[in-house]
Student: 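Pasting a structure here, questions to come.
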4 protein chains.
Amino acid sequence: MKRVKPKYKAIIEAAVKVIAENGYHASQVSKIAQKAGVADGTIYLYFKNKEDILVSVFEEKMGQFIEEIGTAIHTKENADDKLLTLINMHFGQLAADHSLAIVTQLELRQSNLTLRKQINNVLKPYIEIIDQIIVEGIEEKLFRSDLNIPLVRQMIFGTLDETVTNWVMQNQKYNLIELAPPVHNLITNGITHS
Amino acid sequence: MKRVKPKYKAIIEAAVKVIAENGYHASQVSKIAQKAGVADGTIYLYFKNKEDILVSVFEEKMGQFIEEIGTAIHTKENADDKLLTLINMHFGQLAADHSLAIVTQLELRQSNLTLRKQINNVLKPYIEIIDQIIVEGIEEKLFRSDLNIPLVRQMIFGTLDETVTNWVMQNQKYNLIELAPPVHNLITNGITHS
Amino acid sequence: MKRVKPKYKAIIEAAVKVIAENGYHASQVSKIAQKAGVADGTIYLYFKNKEDILVSVFEEKMGQFIEEIGTAIHTKENADDKLLTLINMHFGQLAADHSLAIVTQLELRQSNLTLRKQINNVLKPYIEIIDQIIVEGIEEKLFRSDLNIPLVRQMIFGTLDETVTNWVMQNQKYNLIELAPPVHNLITNGITHS
Amino acid sequence: MKRVKPKYKAIIEAAVKVIAENGYHASQVSKIAQKAGVADGTIYLYFKNKEDILVSVFEEKMGQFIEEIGTAIHTKENADDKLLTLINMHFGQLAADHSLAIVTQLELRQSNLTLRKQINNVLKPYIEIIDQIIVEGIEEKLFRSDLNIPLVRQMIFGTLDETVTNWVMQNQKYNLIELAPPVHNLITNGITHS
DNA sequence: GATGAATGAGGTTTCATTCAT
DNA sequence: AATGAATGAAACCTCATTCAT
């Protein structure tokens with residue numbers, strides 16, 4: 001409904017840009033309004049308050065992010081392929097949108113706990129996708145049957161997240177996508193000599 | 001050295017408690033001063049500004065944290081033992097000090113980028129310890145020789161960090177230390193059926 | 001006349017209800033519009049601005065209030081009867097319409113001076129009625145000939161107003177109308193032992 | 001305690017002047033601070049919030065106002081003298097401080113209900129003084145024994161208040177104090193021919 | 001060294017009013 | 001006549017930092 005209104009979209013896009021350019025704490029509502037080409041008050045026709053803008057940014061962007069990943073792995077035949085695809089998509093989408101990468105990896109983490117918990121909620125479907133891959137891998141006997149699923153999920157997510165954050169903090173000066181295969185290899189085979 | 005002055009220590013300890021109790025954004029300088037039993041102005045005799053308090057908190061606490069880990073792995077004979085010890089120490093120290101765990105995993109991350117970069121600096125010796133273990137493991141032919149060291153380090157750190165953060169966000173309701181062996185196993189062997 | 005248009009009346013009635021229910025400062029134009037079942041913009045087809053709504057509320061309601069009093073005293077033979085009737089009507093009409101009592105005694109007084117002066121204008125006919133009764137009473141030799149008419153009028157109006165305001169602020173928990181005879185007695189005879 | 005601090009007094013005095021000059025709604029905290037010669041933030045060292053300034057203004061000024069009246073009537077021998085003295089003092093003090101008269105009669109009444117109720121609390125001692133005079137007058141057989149005390153008090157207060165308000169709204173262009181004797185006469189003897 | 005009273009910049013949100021449809 | 005989406009001005013309060021004592 002409200003998602004199709006052009007001003008809603010414009011404000012979301014403006015917020016991402018303003019936060020990426022100015023940093024979380026210097027992103028005043030008036031700055032977002034100006035970038036979106038609307039009056040300050042117009043923001044409040046579409047969002048309850050400033051926090052609602054930020055949650056919505058995350059919902060919109062991560063919703064799409066997760067959906068793309070879900071669609072991509074859908075076509076893959078086995079858990080291992082799916083995992084590689086997920087890593088490729090995770091890195092690929094953030095590498096393709098530098099502003100978004102800065103916002104999700106650095107800026108939005110400066111928010112207070114309330115907001116962070118709402119953000120975690122948005123990530124739940126992603127968690128479920130990862131868990132699903134792990135379960136499937138076990139069923140296919142590709143992955144070990146003794147895996148502690150939440151722990152594996154935390155390893156996978158923690159590794160991807162830390163890898164992307166490092167890349168962003170080093171000003172994205174190397175190719176993130178190329179890291180997908182070695183990361184996948186690490187996760188599947190570990191670091192030990194076989 | 002300013003470090004031996006009793007008020008310096010008192011302010012550091014007060015800051016940890018205040019942040020753990022009230023959260024990052026509700027931790028005003030005056031609250032820290034009160035908890036430390038000094039006047040607001042006295043803070044500025046020992047610290048350049050508020051950010052300097054927080055960096056110092058991290059330096060003091062993480063300095064000790066890293067030192068303990070360094071000492072512990074020093075006695076271990078091979079890279080694999082060292083890695084397991086590092087994980088045990090990482091989890092063990094944070095599990096032993098709940099306030100510190102909350103402050104490092106949740107609260108201090110709400111700080112701005114400048115502070116976060118300084119915090120990263122404090123972590124450099126930890127990074128080097130991890131890197132050293134990896135190099136050693138390769139030399140000992142325990143770990144694969146084709147490892148991309150920064151990537152492996154990001155996997156290790158990302159996994160540990162994500163695991164601890166999850167534990168804190170779930171109110172530390174399970175035993176973190178027990179997770180050290182399976183986490184170590186995941187890192188070394190990966191998730192694939194051997 | 002704009003007064004016969006149904007939406008004009010609807011907006012006036014909505015305003016009284018909204019102010020009585022929400023208080024003066026929480027009575028936004030949009031709330032009045034909603035209660036009246038019209039669009040916000042429609043308000044401005046019938047009223048110059050928000051102040052004009054409030055003045056009109058007072059004009060309509062107090063106009064009728066004053067008219068009723070005027071009619072009632074018209075049939076009375078002497079000034080003393082007229083005064084008692086006026087008090088009875090003053091108390092009676094406000095006791096009969098609780099919303100109106102709240103609005104006139106409490107809420108509309110929170111308005112700014114400009115509005116209050118316009119409201120005073122609306123009260124002029126009431127002032128004249130009171131003055132007329134006093135003059136008549138003097139002519140009839142019922143009232144003393146040395147009376148300072150504006151002062152007497154202020155005593156009468158001040159007494160009635162304060163009495164009603166007290167009754168409203170105590171949540172109208174006693175019978176206001178019963179106070180008419182003793183108030184009349186006080187005004188006519190004073191407090192001194194005769 | 002805090003009442004002797006010079007800045008506290010300065011802020012109170014500044015608030016009266018600013019409200020009298022600019023009106024209640026145009027009296028921003030920054031304007032009061034400027035007139036008091038302090039920084040905006042200093043206000044909040046002495047007052048909880050803006051409302052607290054206004055309540056304190058009333059407390060300070062009316063506290064003194066009431067105290068002066070109490071002292072003055074203390075020396076009078078009978079209730080009638082006391083009543084005349086009360087009226088003289090009531091009119092006299094407001095006539096002597098035009099800013100205060102504007103603030104109490106016009107501006108402070110624009111405040112919201114919460115504040116108005118706190119203001120009413122401050123007036124309680126005044127109510128009690130009036131009631132005490134009435135009781136005394138009855139005991140001395142100067143006043144009638146059938147008086148409804150709250151009603152008489154409302155008549156007295158309502159009459160005085162309305163008289164002062166009229167005087168303020170007509171820009172204080174006549175002598176208010178001269179009205180004390182005729183007002184006293186009206187209250188004691190009523191308007192009827194004896 | 002220690003104090004703590006004083007400073008003052010900075011930003012979210014509301015709501016009366018307009019005007020294109 | 002009627003709508004309602006859009007406007008944008010305006011102000012309270014917090015809190016890191018200073019400096020006279």
Side-chain angles (χ1 to χ4, degrees), chain A residues 2 5-8 10-11 25-34 36-53, chain B residues 2 5-8 11 25-34 36-54, chain C residues 2 5-8 11 25-34 36-54, chain D residues 2 5-8 10-11 25-34 36-53:
Chain A
K2 69 178 182 182
K5 299 201 181 173
K7 306 223 165 170
Y8 177 86
I11 293 164
H25 284 112
S27 294
Q28 299 88 341
V29 171
S30 60
K31 226 177 245 172
I32 296 172
Q34 188 174 40
V38 301
D40 291 16
T42 304
I43 298 269
Y44 292 87
L45 296 176
Y46 294 92
F47 301 91
K48 217 169 59 248
N49 50 34
K50 187 179 178 182
E51 188 168 299
D52 190 29
I53 308 176
Chain B
K2 66 181 182 181
K5 302 206 180 169
K7 301 214 171 174
Y8 176 86
I11 293 164
H25 283 112
S27 295
Q28 298 86 347
V29 170
S30 61
K31 223 178 246 171
I32 295 172
Q34 188 175 42
V38 301
D40 292 16
T42 305
I43 297 267
Y44 292 87
L45 298 175
Y46 295 91
F47 300 91
K48 214 166 67 245
N49 50 35
K50 186 181 180 180
E51 191 169 294
D52 189 28
I53 309 175
L54 303 172
Chain C
K2 65 180 182 181
K5 303 205 178 170
K7 302 216 171 173
Y8 176 87
I11 293 165
H25 284 113
S27 295
Q28 298 86 346
V29 171
S30 60
K31 223 178 246 170
I32 296 172
Q34 188 175 41
V38 302
D40 292 16
T42 306
I43 298 268
Y44 291 87
L45 298 175
Y46 294 91
F47 300 91
K48 211 167 67 248
N49 49 33
K50 187 181 179 179
E51 191 169 295
D52 189 28
I53 308 175
L54 302 172
Chain D
K2 69 178 184 183
K5 299 201 181 173
K7 305 225 163 168
Y8 176 86
I11 293 164
H25 284 113
S27 294
Q28 299 87 341
V29 170
S30 61
K31 227 178 242 170
I32 295 172
Q34 188 173 43
V38 300
D40 291 18
T42 305
I43 299 267
Y44 292 87
L45 296 177
Y46 295 91
F47 301 90
K48 220 169 55 251
N49 49 36
K50 187 179 178 183
E51 187 168 299
D52 191 29
I53 307 176

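Just so it is clear, the structure is predicted and the values come from calculations on it, not from any experiment. Proteins get letters first, then strands, A, B, ... in listed order; numbering begins at 1 in each. Note that these values count all heavy atoms, side chains included, but never hydrogens, waters or copies made by symmetry.
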Student: Which of these nucleotides, dT17(F), dC12(F), dA2(E), is closest to any side-chain atom of K50(B)?
Tutor: dT17(F)
Student: Once you round it to whole Å, what is the distance between C1' of dC15(E) and CD of E51(C)?
Tutor: 16 Å
Student: Starting at atom CD of Q34(A), determine the distance to atom P of dA6(F), rounded to an integer number of angstrom.
Tutor: 18 Å
Student: Assign V29(A) to base, sugar-phosphate, or nothing according to its heavy-atom contacts below 4.0 angstrom with the strands shown.
Tutor: base
Student: Both K48(C) and A26(A) contact DNA chain E. Which one's nearest nucleotide lies toward the 5' end?
Tutor: A26(A)
Student: How many whole angstroms separate atom CG of D40(B) from atom C1' of dA5(E)?
Tutor: 10 Å
Student: Write down the distance between CD1 (I11(A)) and C1' (dA5(F)), rounded to a whole number of angstrom.
Tutor: 12 Å
Student: Do Y44(C) and V29(C) have side-chain heavy atoms sitting under 4.5 Å apart?
Tutor: yes
Student: Write down the distance between NZ (K7(C)) and C1' (dA2(F)), rounded to a whole number of angstrom.
Tutor: 6 Å
Student: Take the angle between the ring planes of F47(D) and Y8(D) and call it parallel below 30°, perpendicular above 60°, tilted in between.
Tutor: parallel
Student: Nearest whole angstrom, please: distance from the P of dG4(E) to the CD of Q28(B).
Tutor: 18 Å
Student: Expressed as a whole number of angstroms, how long is the span from I43(B):CD1 to dC15(F):P?
Tutor: 15 Å
Student: Donor-acceptor pair, distance only, cut-off 3.5 Å: does the side chain of K31(C) make one with the backbone of A26(C)?
Tutor: yes
Student: Tell me the partner of dA20(F), counting only Watson-Crick (N1-N3 plus N6-O4 or O6-N4) or G-U wobble (N1-O2 and O6-N3) with both under 3.5 Å; none if nothing fits.
Tutor: dT3(E)
Student: Would you say CD of Q34(B) has more than 12 non-hydrogen atoms from neighbouring residues, nucleotides or ligands within 6.0 angstrom?
Tutor: no
Student: DNA chain F: G41(A) or V38(C), which has the more 5' nearest nucleotide?
Tutor: V38(C)
Student: From the options dT17(E), dG4(E), dG11(E), select the nucleotide whose nearest atom is closest to the side chain of Y44(C).
Tutor: dT17(E)
Student: Can you tell me the pairing partner of dC15(E) across any strand shown, Watson-Crick or G-U wobble, with both distances under 3.5 angstrom?
Tutor: dG8(F)
Student: State whether S30(C) places a side-chain N or O below 4.0 Å from either non-bridging phosphate oxygen (OP1 or OP2) of dC15(E).
Tutor: no
Student: Which residue, L45(B) or H25(A), contacts DNA chain E at a nucleotide closer to its 5' end, judged by nearest heavy atom?
Tutor: L45(B)
Student: Just the rounded figure in Å: distance from P of dG1(E) to OH of Y8(B).
Tutor: 15 Å
Student: Under 4.0 Å from OP1 or OP2 of dA5(E): is there any side-chain N or O of Y46(D) that close?
Tutor: no
Student: So which nucleotide from dT3(E), dA6(F), dT7(E) ends up closest to the side chain of T42(A)?
Tutor: dA6(F)
Student: Measure across I11(A) and I32(A) and return the closest heavy-atom pair with its distance rounded to 0.1 Å.
Tutor: O-CG2, 3.9 Å
